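To keep things clear, I will list the structure first and then write my remarks on it.
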Amino acid sequence: MTHAKPVFSDRRLVMSALPQSPWANQMVLNPGVIRDPQTDRLHMLFRATGSGQPDGQSPSPGWGYPIYLGYAYSDDSGASWHIDDERPALSPKLATARDELLTTDLWGRPCVDFANGCIEDPRLFWFDGQCHLIVACRVFPPGPYWIVDDPMQCAPSWVRDASHGLGRAVKDNVTVNLLYRVDLHALASRQYDRAFSYVTHLTDPEHGENRDVLLFPRPIVIGGQPKIVCLHRPWESHHFPGGSASMKPSIWYSVADSLDELATGKASHRLLVEPILDWEDNRIGASAPPVEIAPGRWLVSYHGKQDARAGYTQSVLIVEEDDEAGLIVRHRCAERLLVPRESWEMPSKFKTPCLFVTALLAEAGRPWQVFYGAADERVGMAACDGEELLRRAERYDARGCLVGGVAETPKRGRLVAAP
């Protein structure tokens with residue numbers, strides 16, 4: 001299957017590791033990007049890892065390679081970027097004592113400081129008229145995970161005793177997703193201590209590892225009531241209705257009356273879509289924040305991982321709101337729309353190909369843009385033909401079959417060719 005017109009073009013390397021910055025001298029990746037409507041500035045937060053700390057000191061023994069968020073901005077819609085390479089915008093505290101691992105949420109309630117060890121994969125978006133940020137966090141740094149994939153390699157020995165009462169976030173160092181409010185004026189002024197206000201955590205660490213968490217930017221009416229809706233990708237699906245221990249990591253959504261209920265038993269959870277295509281064989285998850293393309297109709301970018309050799313592919317879903325059913329997938333693009341192609345997108349430290357979209361600017365009257373992590377080491381961006389992207393998605397039904405008869409869903413054993 002071939003198409004004359006590519007969806008993505010003009011791919012550009014935006015940022016590589018910052019050798020002069022000890023906290024970002026290993027890799028920078030997975031950017032969150034948003035436009036300030038008042039100034040027209042693009043603000044970027046990017047994930048950064050280095051062999052040292054912002055003060056130039058080496059990490060404490062066993063605490064190598066903390067993960068930070070750095071800041072950059074562009075006043076020409078991404079043609080050039082100004083990077084703050086002096087200090088991170090948001091840093092983990094890196095505490096080791098039990099009492100130091102506690103903080104409070106927006107409502108003043110005590111909770112574990114889930115961002116104590118690492119803050120990664122930022123997604124910036126508008127919610128309730130304010131800029132917000134979702135980040136995936138761990139209580140302890142994951143260490144040099146590209147060498148040794150063990151999330152506990154930097155955890156102090158006392159956490160293995162569950163009697164500390166702090167749960168799996170501490171005992172197993174599982175990823176928990178946090179929500180912050182962002183003051184863009186303070187961010188632009190590099191007043192980082194004022195730029196971020198912690199709101200709450202969005203996933204329950206007792207349900208295990210959970211990533212690719214994205215809020216819909218406004219309430220969605222379900223059962224006649226406006227609800228907060230959040231996409232997520234749990235590793236342990238058996239905790240949710242209809243899930244099982246054998247289910248491959250899939251895209252779910254949680255529904256609650258308020259933000260602070262999303263990680264509690266008051267939220268309900270429903271399966272949105274699970275892997276069915278070859279290039280999704282290992283897992284799927286949401287990528288950039290959902291975009292409303294028509295009233296009640298949403299574009300959801302998502303990724304699939306086939307295996308360690310083929311790596312990650314980016315594609316899209318079109319989802320519609322339904323008062324009774326909640327969210328319904330109408331179209332599932334079966335094509336591999338965005339895969340590594342440029343030399344700087346190819347694997348280096350990591351051997352698995354990975355092109356990971358974390359921001360999609362779909363703005364009326366402007367060319368669409370995607371921003372992504374390339375090879376888990378760099379930041380890239382590409383122009384996107386929005387109309388072609390939607391046309392491509394609408395060629396397929398909810399199961400990834402061509403609309404109109406001939407099923408061209410990829411069968412086990414072959415891949416759809418990338419445009």
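Only a predicted model underlies this, so the values are computations on that prediction, with no experimental measurement involved. Heads up: numbering here begins at 1 and tracks the sequence.
With sequence neighbours excluded, the residues that form a side chain to side chain donor-acceptor pair (under 3.5 Å) with Ser74 are Asp76. When the side chain to side chain donor-acceptor pair (under 3.5 Å) test is applied to Tyr312, the partners found at least two apart in sequence or on another chain are Arg283. His82 pairs by the ring pair (Phe, Tyr, Trp, His ring centres under 6.0 Å) definition with Tyr73, not counting sequence neighbours. Scanning for side chain to side chain donor-acceptor pair (under 3.5 Å) contacts around Arg378 gives an empty result, with sequence neighbours left out. Remark: Arg366 engages Arg35, Asp40, Ser77, Glu363 in a side chain to side chain contact (heavy atoms under 4.5 Å, CB included) (not counting sequence neighbours). Scanning for side chain to side chain contact (heavy atoms under 4.5 Å, CB included) contacts around Pro217 gives Trp298, with sequence neighbours left out. Looking at residues two or more places apart in sequence or on another chain, you find a side chain to side chain contact (heavy atoms under 4.5 Å, CB included) between Ala288 and Ser301, Val357, Leu360. Considering only residues two or more places apart in sequence or on other chains, His43 meets the side chain to side chain contact (heavy atoms under 4.5 Å, CB included) condition with Ile34, Asp36, Arg41, Tyr71, Leu184, Leu187, Ala188.
Counting only residues at least two apart or on different chains, the salt bridge (charged side-chain N to carboxylate O under 4.0 Å, His left out) pairs with a member in residues 167-192 are Asp84-Arg190, Arg168-Asp172, Arg168-Glu236. Residue pairs meeting the salt bridge (charged side-chain N to carboxylate O under 4.0 Å, His left out) criterion with at least one member in residues 111-131, sequence neighbours excluded, are Arg47-Glu120, Arg47-Asp121, Lys93-Asp113, Glu120-Arg211, Asp121-Arg211, Arg123-Asp212. The salt bridge (charged side-chain N to carboxylate O under 4.0 Å, His left out) analysis of residues 296-306, with sequence neighbours excluded, yields the pairs Arg297-Glu320, Arg297-Glu394.
Within the 4.5 Å cutoff, side-chain heavy atoms of Pro205 are placed close to those of Phe114.
Within 6.0 Å of NE2 in His238 there are more than 12 heavy atoms belonging to other residues, nucleotides or ligands. The local environment of CD in Gln191 is crowded, with over 12 non-hydrogen atoms from other residues, nucleotides or ligands closer than 6.0 Å.
Classification of the Phe240-His232 ring pair by plane angle, with boundaries at 30° and 60°, yields perpendicular.
Thr264 contributes a side-chain N or O that, together with a main-chain N or O of Glu261, makes up a donor-acceptor pair within less than 3.5 Å. Looking only at distances, a side-chain donor or acceptor of Lys248 sits under 3.5 Å from a matching main-chain atom of Asp281. A distance-only check finds a donor-acceptor pair linking the side chain of Gln153 to the backbone of Asp150 [under 3.5 Å].
The existence of a salt bridge linking Arg233 and Glu274 is excluded, since no basic side-chain nitrogen approaches an acidic carboxylate oxygen closer than 4.0 Å.
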Acceptor/donor pairs from residues 18-26 side chains to any protein atom, 3.5 angstrom cut, sequence neighbours excluded:
from	atom 1	to	atom 2	distance (Å)
Gln20	NE2	Asp85	OD2	2.6
Ser21	OG	Asp85	O	2.5
Asn25	OD1	Ser51	N	3.0
Asn25	OD1	Ser51	OG	3.4
Asn25	ND2	Ser51	OG	3.1

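Between Ala375 and Trp344 the shortest heavy-atom distance is CB-O, 4.4 Å.
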